[in-house]
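As structure tokens, the structure follows; a few thoughts come after it.
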Amino acid sequence: MADPTYYIDEDVGVDSKAQTGTEDLPYKTLGFAVLTHGETAKFLTRKSLSGDVPEGSDATSRLEWKPVAKAAMKKAINYAKAQQKKAAREQELLAMRMKEEADRKKVLDEAKKIIIKEDTSLPHAERIKLDETDPAKVKLGNGSDVKGTRVRVFGRVHRERRQKEVMFITLRDGYGFMQVIFTGPLAKTYDALTLTRETSMEILGELKEVPPGAHAPNNRELHADYFKIHAGCKAAGGDDAITNRVSKDTEHATLLDLRHLTLRGENASKVLIVRDAVEYAFNIVYKELRMRKVSPPALVQTQVEGGATLFKFNYYHEEAYLTQSSQLYLETCLPSMGDVYCIEKSFRAEKSLTRRHLAEYSHVEAELDFITFDDLLEHLELVMCRVLEVTMSDPTVKQYIMDLNPEFQIPERPFKRMKYTEAIDWLVEHGILNEDNEPHKFGDDIAEAAERKMTDIINRPIFLTHFPAEIKAFYMPKDKDDPRVTESVDCLMPGVGEIVGGSMRIYDYDELIAAFKRVDIDPAPYYWYTDQRKYGSSPHGGYGLGLERFLAWLCKQHTVRDCCLYPRYFGRCKP
Ligand code: 4AD
């Protein structure tokens, strides 16, 4: 019997198993036809719509079936062979996968039968946090003659890996990390075989030194003899595994939406642990200086730092604001409490998306009675350096700071002092332009970018002082020697810029009322503040330090957003 003939129409044919390859149901490509019927069949082709029409012929000549060219046939045969190979490989892979799945199911079914029990004949297990290294509490075994302490630890799986019959887990509890080893039946249990990152566990075992040449946190490892995963404490796996939700490649906005998960990362947790230590250190240092802590209200009806950044809200049908600064309230505490401070939230309706502006930030503010402007500067540099000393006296916190900012050193005192006018000259000399792209001139508000450039070049803390009255808050007094400027200070730090804003306060009643008038604020609602000047006024001053900016500098973070738990800024109020 003659070889059957199959037809290919490159214009109207269809490559499909439903097609027969006959004249009325042709294929589209020769490759498909060869793949379907083998290379020994006979093939005829045409392009019924776009084919060449020989000179002198009419368009119907396109409809003539022509034999296939040799080269086209060779190409089609190669294509068919490659397709066959690919299909065979896919089949093979599928079979392999199915076998693997069946094998895994078998292993897991077997694993379910392994029930581990705590060996009650073993010594009592001492409950410790993962960073416990006190030799009076924990002794390390050496695997031969010295027995280590048996401990009970709780934590979450930070990392896990399997090496043949042994499982290595890095456990995390917020205090530290511990390497844990599962061997024998422990490593073969269903829970061990299906262990996912972030699962919470309770583990008991003996603490031993790591073998020479191996590395683990605190040079030790926990040789587990029992573990437990409490009901409901397994972390999601598969597509929903934490590693699939947050990774190095996850988009920035998604990371912010998933802040509750990114907080579990090493960097974020280090920054927040340093933050806790810094806040505590401020309290210690202020106590050393015999300053009293107060807690002024957050819901207020007066402004401190200008109307543009006020968050307004309806307070029982009256207009009220979220506080911009506790300063005015602190001032009222001086007569009865002496020097005071607070660490409270301040709120700014900043409409800018810079790396150092938040809508809600932690504000460390202090107010000092009977001082001069020089006293204020000396106090400020003392507080900042002492806070750093106290913070770094905790070895874990110091290590975290060095991990985040390896070059960090406590700055030397005194800090560099630079008057605003000197800064303007410096910016002009260094060709740094103002916001209008012109050389800086007296009266310009030094913008964030220029300020940071200057601070980065000088590369040490700067007390920038004596700003013109026009660009500073109404409550700042004029300098006696140069009435164009005020007794004001910004502390600038490399990498961040301004982290502190402070000043002396106008303490003369009439002068203060005139200052209110100058900025067009009605002094009436401020009666509780102006009364301060009526009843035993005093030369006093104070400052506010942005805790997140201080941390961004200390921990070398690009943005203040990474220095708070759940950042709030223009356009973000979640999670
Ligand atoms: O310079 P500011 O606005 O000064 C005051 O509020 C004074 N009443 C403080 C006082 O004297 N008690 O703010 C002080 C500091 C800034 O130097 C900065 O570190 C921080 O507060 N700060 C902000 N931090 C994050 N986001 C914002 N939007 C901030 N605005 C100010």
Side-chain angles (χ1 to χ4, degrees), residues 275 278 282 286 291 294 296 298 300 302-311 321-334 339-368 371 373 376-377 379-380 383-384 445-446 448 451-452 455 461-465 467 471-477 486-493 495-506 526 529 540-554 557 559-564 567-572:
R275 180 183 165 120
V278 167
F282 268 107
Y286 284 135
M291 295 173 66
V294 293
V300 300
T302 45
Q303 56 160 284
V304 192
E305 299 297 328
T309 58
L310 276 178
F311 272 115
Y321 321 116
L322 297 179
T323 189
Q324 293 173 309
S325 156
S326 298
Q327 174 198 325
L328 309 192
Y329 293 97
L330 288 182
E331 290 184 51
T332 66
C333 300
L334 293 176
D339 299 338
V340 283
Y341 77 98
C342 67
I343 304 177
E344 298 284 343
K345 289 295 179 77
S346 280
F347 302 87
R348 305 282 169 103
E350 306 276 4
K351 289 219 176 62
S352 52
L353 282 168
T354 80
R355 58 187 166 109
R356 67 180 200 188
H357 284 98
L358 292 164
E360 173 185 333
Y361 71 97
S362 285
H363 208 169
V364 180
E365 293 183 274
E367 213 53 40
L368 307 166
I371 56 160
F373 186 52
L376 178 66
L377 300 187
H379 161 94
L380 247 175
V383 166
M384 280 197 268
D445 204 351
I446 302 172
E448 185 172 332
E451 181 189 275
R452 201 165 35 231
T455 319
I462 306 168
F463 276 150
L464 191 56
T465 64
F467 290 86
I471 60 167
K472 281 290 175 187
F474 68 91
Y475 52 74
M476 298 188 181
T486 52
E487 286 188 311
S488 50
V489 57
D490 279 0
C491 179
L492 313 181
M493 290 298 187
V496 183
E498 180 200 332
I499 64 165
V500 178
S503 76
M504 295 301 286
R505 320 301 192 191
I506 295 176
Y526 293 79
Y529 182 64
H540 65 281
Y543 56 89
L545 173 146
L547 187 62
E548 291 80 5
R549 290 195 188 176
F550 186 79
L551 285 162
W553 165 67
L554 174 61
Q557 297 300 294
T559 159
V560 288
R561 294 175 193 172
D562 291 335
C563 299
C564 49
R568 296 291 183 253
Y569 56 88
F570 188 45
R572 177 166 291 275

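Every number for a ligand or one of its atoms is a count from 1 in the order of the listing.
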For [atom], what is the nearest protein heavy atom, given as residue, atom name and distance?
atom	value
atom 18 (C) of ligand 1	Arg549 NH1, 3.5 Å
atom 16 (C) of ligand 1	Glu498 OE2, 3.2 Å
atom 29 (C) of ligand 1	Tyr361 CE2, 3.4 Å
atom 15 (C) of ligand 1	Gly544 O, 3.5 Å
atom 12 (N) of ligand 1	Glu365 OE2, 2.7 Å
atom 26 (N) of ligand 1	Leu358 N, 2.9 Å

Yes or no: does [X] have any heavy atom under 4.0 Å from an atom of ligand 1?
X	answer
Val500	yes
Tyr475	yes
Met476	no

Of the backbone atoms (N, CA, C, O) and the side-chain heavy atoms from C-beta on, which set of [X] has a member under 4.0 Å from an atom of ligand 1: side chain, backbone, both, or neither?
X	answer
Met493	neither
His357	both
Tyr543	backbone

Could you go step by step and tell me if Glu331 and Tyr529 meet the side-chain hydrogen bond (donor to acceptor under 3.5 Å, both in side chains) rule?
CA-CA 8 Å; Glu331 290 184 51; Tyr529 182 64; 2.8 Å; yes
Once rounded to the nearest 0.5 Å, what's the spacing between atom CZ of Arg505 and atom CG of Leu334?
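Between Arg505 CZ and Leu334 CG, I get 9.5 Å after rounding to 0.5 Å.
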I need the Leu328 CG to Cys333 SG distance, nearest 0.5 Å.
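Leu328 atom CG to Cys333 atom SG measures 11.0 Å (nearest 0.5 Å).
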Mark yes or no for whether [X], through its side chain, and [Y], through its backbone, hold a donor-acceptor pair below 3.5 Å.
X	Y	answer
Thr559	Arg355	yes
Ser326	Tyr329	no
Arg549	Val496	no

Which of the listed options, [options], holds the heavy atom that is closest to [atom]?
atom	options	value
atom 11 (O) of ligand 1	Arg505, Glu350, Glu360	Arg505
atom 13 (O) of ligand 1	Gln324, Lys472, Arg348, Gln327	Arg348
atom 25 (C) of ligand 1	Glu305, Arg356, Glu548, Glu331	Arg356

As a test of understanding, state which of Glu548, Met493, Arg356 forms a side chain to side chain contact (heavy atoms under 4.5 Å, CB included) with Ile499.
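It is Met493, the one option of Glu548, Met493, Arg356 that forms the side chain to side chain contact (heavy atoms under 4.5 Å, CB included) with Ile499.
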Test of proximity, [X] against ligand 1: N or O pairs below 3.5 Å:
X	answer
Ser325	yes
Ile499	yes
Leu545	no

Using the six-membered ring wherever Trp is involved, compare the ring planes of Tyr543 and His379 and label them parallel, tilted or perpendicular (cut-offs 30° and 60°).
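Ring orientation of Tyr543 relative to His379: tilted.
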Partners meeting side-chain hydrogen bond (donor to acceptor under 3.5 Å, both in side chains) with Glu344 (sequence neighbours left out)
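Counting only residues at least two positions away or on another chain, Glu344 forms a side-chain hydrogen bond (donor to acceptor under 3.5 Å, both in side chains) with Ser295.
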Do Val560 and Tyr569 come within less than 4.5 Å of each other through their side chains, counting heavy atoms only?
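No - every pair of side-chain heavy atoms lies 4.5 Å or more apart.
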Please output the side-chain donor-acceptor pairs of residues 304-311 that fall under 3.5 Å, not counting sequence neighbours, one pair per line with the distance.
unit_1: Glu305; atom_1: OE2; unit_2: Tyr475; atom_2: OH; d: 2.5
unit_1: Thr309; atom_1: OG1; unit_2: Gln324; atom_2: NE2; d: 2.9

